[in-house]
Amino acid sequence: MDSKEKYLKSSKHRSLAIIIVVIITVSAAFITLAAGNINEDLSEIFRALVTFDTSIKEGRFVWLIDMPMIVIALIVGAGLSLSGTVMQCILKNPLASPYTLGLSSAAAFGAAFAIIFLDSGNSAMGSIAISNPYVTMTCAFIFSMIATGAILIMTKMTNVSAETMVLSGIAIGAIFSAGLSLMQYFADSVQLSAMVSWSFGDLNHSDWEWDGIMLLFLLPIALYFFMNRWDLNSLDAGDEVAKGLGVNTERFRTISLLLTAFLSAMLVSRYGVIAFIGLIGPHIARMIVGSDHRYLIPMSMVLGGCILLIANCVAANIVRPMVLPVGLLTSLLGGPMFIYLLARRYRK
């Protein structure tokens with residue numbers, strides 16, 4: 001078999017792998033729908049799904065509660081996994097992700113700032129709630145972008161390599177984590193409960209309006225990186241190779257970091273800290289399709305959405321009638337799983 005035939009066979013196998021993961025994701029969506037309506041007639045659930053009939057009880061459950069949550073799980077998982085994939089390439093560090101770069105810590109700090117100083121957390125009917133989610137989201141987003149700007153300023157001032165930008169992110173994340181701990185120390189019980197509730201990460205307050213908004217942010221950013229997949233491939237080969245191929249590495253790296261940080265900040269500021277999706281999704285995708293970003297970008301996005309969808313389904317049903325925050329589950333299971341993936345990938 002010559003090299004051309006090997007290349008075509010490899011491309012076919014990787015495309016087939018992406019299609020298989022898409023089928024698994026669609027199956028997971030149907031399972032999530034059935035699990036969320038386990039006490040209802042499945043035939044009625046299916047009829048409501050295909051007819052878009054919201055005049056019946058099953059239709060309201062499907063199209064006003066379950067489907068918005070399923071769609072946003074796919075969008076958030078895809079967005080975080082895409083961000084992790086690009087960050088790991090441009091920073092040349094397999095541990096780079098929105099979580100490890102400190103963006104999540106900065107968002108949590110911003111949310112806590114809104115809860116304490118802008119009074120966006122309250123207690124009503126015996127439960128803790130975010131009374132003004134838009135203020136909380138805005139503050140979380142602003143502080144995430146402040147963290148991104150601080151990383152860029154530090155790297156420009158010190159002229160460090162791309163690999164060590166992750167260290168800047170870890171340091172900035174630690175500063176915001178310390179600030180968050182300080183605010184928690186001085187917060188009252190209601191404010192503290194609101195901070196903890198937000199930081200768990202939760203998709204339960206999803207709706208079609210915000211699904212559409214997040215999709216409008218995700219699609220053009222994903223399209224930008226897919227159109228520049230060859231630049232990402234050249235960066236994988238080293239800065240000198242990329243420059244030799246005509247890539248303005250500094251500009252491309254800065255734009256890529258800003259876009260991924262912006263996307264991550266939007267998702268995290270709205271839905272809280274959902275850890276490890278931006279690490280696990282890209283690493284599993286690389287094990288399946290390799291490092292060619294023509295296949296890695298779509299595979300990592302589909303895998304990220306699939307992983308978060310399954311995690312959200314488990315969180316919603318594992319301790320019925322209680323619903324666990326999905327961010328809590330990804331934190332509990334993501335760490336050990338990521339250690340296993342690293343050991344498998346880098347063992348000799």
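Listed by first and then second residue, the side chain to side chain donor-acceptor pair (under 3.5 Å) pairs involving residues 264-282 are Ser83-Ser264 (not counting sequence neighbours). Annotation: side chain to side chain donor-acceptor pair (under 3.5 Å) contacts involving residues 173-184, sequence neighbours excluded, comprise Ser105-Ser177.
Residues that satisfy the salt bridge (charged side-chain N to carboxylate O under 4.0 Å, His left out) test with Arg60, not counting sequence neighbours, are absent from this structure. For Thr85, the side-chain hydrogen bond (donor to acceptor under 3.5 Å, both in side chains) test picks out Ser300, with sequence neighbours left out. Not counting sequence neighbours, Tyr224 has no partner by the ring pair (Phe, Tyr, Trp, His ring centres under 6.0 Å) test. Evaluation of the side-chain hydrogen bond (donor to acceptor under 3.5 Å, both in side chains) rule for Ser81 yields no partner, not counting sequence neighbours. Taking Thr25 as the reference, nothing meets the side-chain hydrogen bond (donor to acceptor under 3.5 Å, both in side chains) condition, with sequence neighbours excluded. Here Arg14 pairs with nothing under the salt bridge (charged side-chain N to carboxylate O under 4.0 Å, His left out) rule; sequence neighbours left out. Residues meeting the side-chain hydrogen bond (donor to acceptor under 3.5 Å, both in side chains) test with Asp292, sequence neighbours left out: Asn233, Arg294. Evaluation of the ring pair (Phe, Tyr, Trp, His ring centres under 6.0 Å) rule for Phe252 yields no partner, not counting sequence neighbours. With sequence neighbours left out, the salt bridge (charged side-chain N to carboxylate O under 4.0 Å, His left out) criterion links Asp211 to no other residue.
A salt bridge links Arg253 with Asp239: the distance from a Lys NZ or Arg NE/NH1/NH2 to an Asp or Glu carboxylate oxygen falls below 4.0 Å.
Using bins of under 30°, 30° to 60° and over 60° for the plane-to-plane angle, the ring pair Phe276/Tyr99 lands in the tilted bin. Note on ring orientation: taking the six-membered ring where Trp is involved, the planes of Phe143 and Phe113 are tilted (angle from 30° to 60°).
Criterion: ILVMFWY side-chain heavy atoms under 4.5 Å apart, direct or through other members. Under it, Ile221 and Val86 are part of a common hydrophobic cluster. Leu95 and Ile307 end up in the same hydrophobic cluster when Ile, Leu, Val, Met, Phe, Trp and Tyr side chains are linked at under 4.5 Å. One hydrophobic cluster holds both Leu215 and Ile213 under the rule that ILVMFWY side chains link at heavy-atom gaps under 4.5 Å. Hydrophobic clustering (ILVMFWY, side-chain heavy atoms < 4.5 Å, transitive): Val71 and Phe61 are in distinct clusters. Grouping the Ile, Leu, Val, Met, Phe, Trp and Tyr side chains by contacts below 4.5 angstrom, directly or via other members, places Val314 apart from Ile31.
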Report task. Would you sort out whether Trp210 and Met137 count as a side chain to side chain contact (heavy atoms under 4.5 Å, CB included), showing the intermediate values? Result -> CA-CA 12 Å; Trp210 276 102; Met137 178 183 173; 3.5 Å; yes

Report task. Assess whether side chain to side chain contact (heavy atoms under 4.5 Å, CB included) is satisfied between Leu263 and Thr260, documenting all intermediate values. Result -> CA-CA 5 Å; Leu263 177 61; Thr260 52; 5.8 Å; no

Requested in this report: List the steps and the verdict of side chain to side chain contact (heavy atoms under 4.5 Å, CB included) for Val76 and Leu218.
Outcome: CA-CA 9 Å; Val76 173; Leu218 173 63; over 6 Å; no

Query raised in the report: Are Asp236 and His293 close enough, and set up right, to give a side chain to side chain contact (heavy atoms under 4.5 Å, CB included), and what steps lead you there?
Result: CA-CA 10 Å; Asp236 261 348; His293 287 82; 3.2 Å; yes

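At least one side-chain heavy atom of Phe30 sits less than 4.5 Å from a side-chain heavy atom of Leu49. Annotation: side chain of Leu8 is not in contact with side chain of Ser11 (no heavy-atom distance under 4.5 Å). Taking 4.5 Å as the limit, some side-chain heavy atom of Ile90 sits within range of a side-chain heavy atom of Leu232. In this structure, Trp208 and Met67 have side chains that are in contact, with non-hydrogen atoms separated by less than 4.5 Å. For the pair Cys306 and Ile24, the minimum side-chain heavy-atom distance is below 4.5 Å. Within the 4.5 Å cutoff, the side chain of Ser331 has no heavy atoms near those of the Phe200 side chain. Looking at heavy atoms from C-beta onward, Leu308 lies out of side-chain contact with Leu74 at the 4.5 angstrom threshold. Contact annotation: the side chain of Asp202 never approaches that of Ile274 to less than 4.5 Å [non-hydrogen atoms, C-beta and beyond].
Residues Thr32 and Cys313 come closest through the heavy atom pair OG1-CB, 3.5 Å. Taking both residues in full, the closest heavy atoms of Leu329 and Ala311 are given as CD2-O, 3.2 Å, listed atom of the first, atom of the second, then distance. Nearest heavy-atom pair, Ala112 versus Met183, reported as atom, atom and distance to 0.1 Å: CB-CE, 3.6 Å. For the pair Gln88 and Pro282, the tightest heavy-atom approach, listed with the atom from each and the gap, is OE1-CB, 3.6 Å. Residues Val268 and Ala107 approach most closely at CG1-CB, 3.6 Å, considering heavy atoms. Here the shortest heavy-atom pairing between Ala315 and Val326 reads CB-CA, 4.2 Å.
Atoms CD1 and CD1, on Ile172 and Ile153 in that order, are 8.5 Å from each other to the nearest 0.5 Å. Note that CG of Asp207 and CD1 of Ile65 are 12.0 Å apart. Values are rounded to the nearest 0.5 Å.
Phe46 CZ: 12 or fewer foreign heavy atoms inside a 6.0 Å radius. Residue Leu245 qualifies as enclosed at atom CG: its count of foreign heavy atoms under 6.0 Å is above 12.
For Arg229 (side chain) and Phe226 (main-chain N/O), a donor-acceptor pair under 3.5 Å exists by modelled atom type. A distance-only check finds a donor-acceptor pair linking the side chain of Thr148 to the backbone of Ser144 [under 3.5 Å]. Side-chain N or O atoms of Asn228 include none that pairs as donor or acceptor with a backbone N or O of Asp231 at under 3.5 Å.
Counting side-chain heavy-atom gaps under 4.5 Å among Ile, Leu, Val, Met, Phe, Trp and Tyr, the cluster of Met227 also holds Leu223.
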